[in-house]
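Let me begin by presenting the structure, written as structure tokens, before commenting on it.
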Amino acid sequence: MPSASHQSPRKSKNGGGGKKKNMLSQGSVSSGGGENDRNPVLRSRLSRASDLETKLSSLSSASSAGTNAASTEEKASKLRFQLCEILSDILLLDPAFAMRKDVPGRLWRGCFYGRIGDLRGRIAREKGRLRRAAAASKKNQQQQQQ
């Protein structure tokens with residue numbers, strides 16, 4: 001006798017159309033088709049996410065131009081957090097819509113990849129500073145020995 005995990009799924013007597021069909025017509029459950037592209041809630045959240053991505057990009061440009069780093073990082077962190085919330089909401093509300101709009105990619109690039117790049121840059125600058133300090137120290141020691 002096969003185990004429960006190997007049994008084929010059964011279809012309901014009414015064909016499975018009842019409650020789910022009503023929810024699909026209201027746009028609250030994804031059907032995998034393009035109908036939810038017209039969902040105003042998802043579109044407005046996606047538009048808000050685009051605005052946040054633009055602000056993050058301009059903040060990144062401003063920080064490389066030499067503005068107050070601590071203030072800029074705090075603003076970027078708040079924007080990044082909002083972006084992560086919005087994009088993850090879209091991803092959870094309608095995965096098919098999210099895939100069509102590249103929400104997972106945008107979530108990765110906007111919320112994680114940018115921050116990782118910032119940290120890599122900071123690490124590289126710190127390593128360079130430490131190398132220069134070590135070289136200067138070594139040079140001073142050599143001069144004192146002569």
Side-chain angles (χ1 to χ4, degrees), residues 4-12 14-144:
S5 64
H6 291 95
Q7 293 179 352
S8 63
R10 294 183 180 173
K11 293 186 179 181
S12 64
N14 65 3
K19 195 173 188 179
K20 186 174 180 181
K21 185 176 181 181
N22 290 336
M23 292 171 70
L24 285 173
S25 65
Q26 295 170 3
S28 61
V29 174
S30 174
S31 66
E35 68 191 52
N36 283 342
D37 285 351
R38 295 183 298 269
N39 187 325
V41 173
L42 293 175
R43 281 187 298 142
S44 69
R45 287 185 185 181
L46 200 58
S47 175
R48 176 72 177 132
S50 294
D51 293 343
L52 290 170
E53 289 167 330
T54 302
K55 287 179 183 179
L56 264 173
S57 178
S58 66
L59 259 182
S60 176
S61 300
S63 69
S64 63
T67 59
N68 184 358
S71 173
T72 302
E73 179 53 38
E74 186 177 331
K75 289 177 186 176
S77 181
K78 288 179 182 179
L79 290 174
R80 202 176 291 115
F81 183 79
Q82 291 174 354
L83 181 63
C84 289
E85 282 186 322
I86 291 170
L87 290 175
S88 59
D89 283 349
I90 293 169
L91 187 60
L92 293 172
L93 284 172
D94 191 341
F97 175 83
M99 292 304 291
R100 286 190 304 277
K101 301 299 180 178
D102 189 34
V103 170
R106 292 169 69 178
L107 182 66
W108 166 249
R109 287 185 300 274
C111 299
F112 304 109
Y113 189 74
R115 180 67 179 140
I116 291 169
D118 293 343
L119 293 173
R120 283 179 176 163
R122 188 189 298 176
I123 289 169
R125 285 189 300 276
E126 186 64 21
K127 280 183 176 179
R129 188 186 67 77
L130 290 173
R131 280 190 203 117
R132 286 189 302 276
S137 175
K138 185 176 180 181
K139 186 176 181 180
N140 286 339
Q141 286 176 355
Q142 287 174 350
Q143 287 176 351
Q144 288 174 357

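Just so you know, these numbers come straight off a predicted model, no measurement behind them.
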task: Calculate, to the nearest 0.5 Å, the distance between atoms CZ and CZ belonging to Arg115 and Arg80 respectively.
output: 6.0 Å

task: Kindly compute the distance separating CG (Leu52) from CD1 (Ile86), expressed to the nearest 0.5 Å.
output: 5.0 Å

message: Just so I know, are the side chains of Arg109 and Leu56 near enough to count as touching, which here means a heavy-atom distance under 4.5 Å?
response: no

message: For Arg43, is there any backbone N or O sitting under 3.5 Å from a side-chain donor or acceptor partner on Ser47?
response: no

task: For Arg106 and Ser50, work out which heavy atoms get closest and say how close.
output: NH2-OG, 3.0 Å

message: Please find the pair of heavy atoms, one from Ala98 and one from Pro104, that lie closest to each other, and give the distance.
response: O-CD, 3.7 Å

query: Does Leu87 reach the side chain of Trp108, with side-chain heavy atoms less than 4.5 Å apart?
result: no

task: Determine, stepwise, if the pair Gln82 / Arg48 fulfils side chain to side chain contact (heavy atoms under 4.5 Å, CB included).
output: CA-CA 10 Å; Gln82 291 174 354; Arg48 176 72 177 132; 3.3 Å; yes

- prompt: Looking at CG of Asp89 and CG of Leu46, how far apart are the two atoms once the value is rounded to the nearest 0.5 Å?
  reply: 12.5 Å

message: Assess whether a salt bridge exists between Arg122 and Glu126, defined as any Lys/Arg side-chain N lying under 4.0 Å from an Asp/Glu carboxylate O.
response: no

message: Under the criterion side chain to side chain contact (heavy atoms under 4.5 Å, CB included), I'd like the reasoning laid out for Lys101 against Leu42: C-alpha separation, chi angles, the key distance, then a yes or no.
response: CA-CA 11 Å; Lys101 301 299 180 178; Leu42 293 175; over 6 Å; no

Interatomic distance, Ser137 atom OG to Gln142 atom CD [nearest 0.5 angstrom]: 10.0 Å

- request: Evaluate the criterion side chain to side chain contact (heavy atoms under 4.5 Å, CB included) for residue pair Asn39 and Asp94; output intermediate values, then yes/no.
  value: CA-CA 10 Å; Asn39 187 325; Asp94 191 341; 5.9 Å; no

task: With rounding to the nearest 0.5 Å, note down the distance linking CG in Leu59 to OG in Ser77.
output: 11.0 Å

field: Point-to-point distance, once rounded to the nearest 0.5 Å, from CD of Glu74 to OG1 of Thr72
entry: 10.0 Å

field: Salt-bridge present (Glu85, Arg45; N to O < 4.0 Å)
entry: no

